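Heads up, the thing below is written out as structure tokens.
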Amino acid sequence: MEITNCASSYVPADIVYQIFLKLPAKSLLRFRCVSKIWRDIIDGLSFAKKHIAFAAEQPQILPAAVPFPIGAQALHSLTYDGNSIKESDYPVLEFLNNESYDLSHIAYGLLLFENQNCRAEAFLYNPLRGEVLELPRASTPAAETYSTDYWYGMGFNNMTNTYKIVRVFPVKADDDHMSSSDGLLASEIYTMGTSSWRRISSIPPFSLSKHGVSVYGDMHWSTSWIDRIDDRMIISFDFGKEEFIQTSPPDHLVLPNYCLKLTNLRESLAIIDLSSDHQFIEIWVMKDYNKKEWAKEYRTNKCEILGNSLFFSVGAWGPSLYLYPNNEMNDNCLYIHDLKMNRLMYKIGPWRDESYRHRTKIFSYTQSILSLKNFGKLVSAAEGLRRFSFLKSARFIYVSP
């Protein structure tokens with residue numbers, strides 16, 4: 001097969017495909033306008049999955065107050081080039097008036113929002129494309145008084161080439177439920193492109209930490225605080241088998257611990273250990289996911305500024321770490337620790353209002369070419385405006401089939 005348009009005469013399609021894989025997602029959005037062949041390549045599901053793995057996208061972080069404050073809001077991402085931290089020129093997300101939705105999870109360049117007033121409602125948003133996919137309503141009614149804890153996670157099944165979302169939530173006592181040691185929980189899974197959620201029998205043995213980590217195509221959480229040390233594990237959801245599994249941390253580490261944080265470090269599951277006598281930062285990386293083998297990959301000195309601080313949010317940011325301490329002396333700063341240079345730098349902000357400080361969650365974010373039109377039907381402009389008038393940056397609204 002050859003491409004014969006004027007932009008690339010007689011260039012074999014497989015060569016173009018390989019070039020596209022290494023280009024930034026934002027450039028690909030422009031190139032898809034060159035020809036129908038290029039558009040079909042760039043919009044394809046298989047290409048989007050490979051592009052996430054191959055493209056040298058600049059890692060970003062997205063600070064957000066969770067829950068979001070009521071009213072208009074614009075969220076900007078931050079990038080770090082090794083010398084300075086820069087805020088994006090244009091907002092990743094703009095709300096005109098948001099009274100219901102909160103950002104729950106980010107994976108594969110997609111933002112998952114859940115409705116705080118109706119927890120059965122959620123939608124996905126690709127900021128780069130301005131596309132929204134309204135998910136089907138959850139099939140199981142959630143408890144009204146038992147708990148406000150819900151957990152979402154996204155993954156990819158390589159065997160079936162499908163994206164999936166798992167949802168864990170409390171259920172009413174008279175519902176058909178599975179009992180975990182922490183209460184009555186239920187699990188559902190949604191395969192993107194289908195019309196409904198499916199109830200599954202597997203549930204986590206314990207309540208999960210609020211925010212999980214997506215890596216290896218699966219989701220991973222630490223357990224919430226429990227008394228039995230032997231039960232403090234990493235809980236993973238295998239999207240291929242559609243079941244929860246337990247993973248032991250390195251022998252000497254005890255999860256959960258306010259000084260131990262799960263993160264995705266260069267597409268490997270990692271534990272950031274900030275508890276070492278308040279002097280060092282250590283990072284343990286899972287070197288073999290199938291064998292569950294850990295290795296200590298980094299040990300670096302803490303800066304005196306960080307001291308014995310607790311941390312609101314910690315995670316990997318490319319070859320660096322971001323740290324947002326709970327320290328009244330840090331003047332509301334976001335710290336960046338460069339692992340290669342063993343250097344600490346910081347930027348004041350980006351929080352304009354000190355009252356948001358204790359609600360700030362920092363999400364890792366990478367732009368993605370993945371198009372949500374692969375998973376839903378486009379609604380009319382009038383219908384889209386009616387459903388998502390609060391989301392200024394949305395351009396195309398899709399609903400699940």
Side-chain angles (χ1 to χ4, degrees), residues 24-26 29 48 52 57-80 85-118 121-135 150 152-154 165 192 210-212 214 312-313 315 317 322 324 334 347 349-353 355-357 359-373 375-376 379 381 384-399:
K26 188 174 291 187
L29 274 190
I52 292 174
E57 294 289 342
Q58 189 171 24
Q60 303 176 47
I61 57 174
L62 186 64
V66 178
F68 283 159
I70 294 175
Q73 187 181 27
L75 296 184
H76 291 259
S77 64
L78 302 177
T79 56
Y80 173 55
I85 301 170
K86 296 180 180 180
E87 185 177 82
S88 59
D89 295 330
Y90 301 98
V92 172
L93 182 72
E94 283 189 276
F95 282 116
L96 292 176
N97 183 27
N98 176 39
E99 297 181 359
S100 303
Y101 287 96
D102 281 338
L103 182 57
S104 175
H105 181 59
I106 298 180
Y108 306 104
L110 305 179
L111 282 60
L112 191 154
F113 291 85
E114 57 178 317
N115 190 333
Q116 298 300 301
N117 297 330
C118 180
E121 295 181 357
F123 71 88
L124 291 173
Y125 175 61
N126 185 333
L128 182 65
R129 286 182 174 265
E131 294 177 345
V132 170
L133 176 66
E134 187 177 39
L135 301 180
Y150 281 66
Y152 282 91
M154 295 179 59
I165 302 172
M192 290 176 61
K210 183 57 179 175
H211 298 283
S214 178
F312 290 131
S313 193
W317 191 6
Y322 64 80
Y324 183 41
L334 173 70
K347 175 186 188 302
W351 302 276
R352 276 71 173 179
D353 189 335
S355 65
Y356 295 161
R357 175 189 179 92
R359 301 188 296 164
T360 298
K361 168 66 180 175
I362 299 177
F363 296 87
S364 296
Y365 167 67
T366 302
Q367 290 182 329
S368 170
I369 201 68
L370 180 61
S371 177
L372 294 176
K373 74 177 182 180
F375 310 108
V379 303
L385 181 62
R386 183 185 69 82
R387 296 190 187 197
F388 291 92
S389 60
F390 59 87
L391 189 56
K392 180 181 178 181
S393 46
R395 298 194 297 271
F396 303 98
I397 311 297
Y398 300 91
V399 295

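Bear in mind that the values here come from a model prediction, so they are computed numbers and not experimental data.
Close placement of the F390 and F388 rings is indicated, their centers lying within 6.0 Å of each other. Remark: aromatic rings of Y101 and F95 are distant, center separation not under 6.0 Å.
Remark: the backbone N or O of L370 is paired with a side-chain donor or acceptor of N126 at under 3.5 angstrom. In terms of modelled atom types and a separation under 3.5 Å, the side chain of R129 and the main chain of I369 share a donor-acceptor contact. Judged by distance alone, with hydrogens and angles left aside, the side-chain atoms of W317 form no donor-acceptor pair with the main-chain N or O of S364 at under 3.5 Å. With hydrogens and angles disregarded, a donor-acceptor distance shorter than 3.5 Å links the side chain of H76 to the backbone of S88.
For R395, the salt bridge (charged side-chain N to carboxylate O under 4.0 Å, His left out) test picks out no residue, with sequence neighbours left out. Residues passing the side-chain hydrogen bond (donor to acceptor under 3.5 Å, both in side chains) test with Y365, sequence neighbours excluded: none. By the salt bridge (charged side-chain N to carboxylate O under 4.0 Å, His left out) test, K392 is found to be paired with E94, residues two or more places apart in sequence or in another chain being considered.
With hydrogens and angles left out, the side-chain atoms of Y108 and T366 include no donor and acceptor closer than 3.5 Å.
For K373 and E131, the salt-bridge test fails: no basic side-chain N is under 4.0 Å from an acidic carboxylate O.
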Exercise for the section: Would you please test K86 and L78 for side chain to side chain contact (heavy atoms under 4.5 Å, CB included) and show each step? Expected result: CA-CA 6 Å; K86 296 180 180 180; L78 302 177; over 6 Å; no
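The line from NZ of K361 to CG of L62 is 11.5 Å long, rounded to the nearest 0.5 Å.
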